[in-house]
Amino acid sequence: MGSSVKLVVEVVSTNWQNDYARKVEDYAALGIPEYWIADYDAQGGRQFIGHPKRPTFSVCTLADDGAYDIRQFRGSEIVKSPTFPELQLTAEQILRPR
């Protein structure tokens, strides 16, 4: 429940439909305030990460209407997170293969 889980992080793989569609709805229904989607290999569909497909880090923030507001970050963009307001990492730093 959202009262005990403040953040969920998913790393996208070949089942990207679950991460971008089903889990977004499930986590919102549970009231989880923030949901991150790390798509380091640009697996997601165009409707979710655009065209051309590029590695994308999505921060989903639960709004007052019970749905997520989704912000996407790519490349050198600094990721903005309500849960971690002092975070100073770029999407590229987070998504870079190790």
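All values below were derived from every heavy atom in this structure, side-chain atoms included, with hydrogens, water molecules and symmetry-related copies excluded. Note that the structure is a prediction, hence the values are computed from the model and not measured.
You'll find the side chain of Ile70 stays beyond 4.5 Å of the side chain of Ile37, heavy atoms only. Considering only heavy atoms from C-beta on, Val12 stays 4.5 Å or farther from Asp41 through its side chain. Here the side chains of Leu89 and Ile78 are not in contact, with every heavy-atom distance at 4.5 Å or above.
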Table please: side-chain donor-acceptor pairs of residues 53-60 below 3.5 Å, with sequence neighbours left out.
{"residue": "Lys53", "atom": "NZ", "partner": "Gly44", "partner atom": "O", "Å": "3.0"}
{"residue": "Thr56", "atom": "OG1", "partner": "Arg54", "partner atom": "O", "Å": "2.7"}
{"residue": "Thr56", "atom": "OG1", "partner": "Arg74", "partner atom": "NE", "Å": "3.1"}

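Residue pairs meeting the salt bridge (Lys or Arg N to Asp or Glu O under 4.0 Å) criterion with at least one member in residues 15-25, sequence neighbours excluded, are Glu10-Lys23, Asp19-Lys23.
Using modelled atom types, one finds no donor on one side chain facing an acceptor on the other under 3.5 Å when comparing Thr14 with Gln43.
Atom CH2 of residue Trp36 and atom OG1 of residue Thr61 lie 10.5 Å apart, to the nearest 0.5 angstrom. Between atom CG of residue Asp39 and atom CZ of residue Phe48 there is a gap of 11.0 Å, rounded to the nearest 0.5 Å.
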Worksheet entry | side chain to side chain donor-acceptor pair (under 3.5 Å) evaluation trace for Thr90 with Glu77 | CA-CA 5 Å; Thr90 66; Glu77 296 174 319; over 6 Å; no
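Within 6.0 Å of CZ in Arg96 there are more than 12 heavy atoms belonging to other residues, nucleotides or ligands.
The side-chain contact (heavy atoms from CB on, under 4.5 Å) test applied to Ser13 returns Asn15, not counting sequence neighbours.
Tyr20 and Ile49 make their closest contact through OH-CG2, 3.1 Å (heavy atoms, listed as atom of the first residue, atom of the second, distance).
In this pair, Tyr35 and Tyr68 present their aromatic rings tilted. The plane angle is within the 30 to 60° band.
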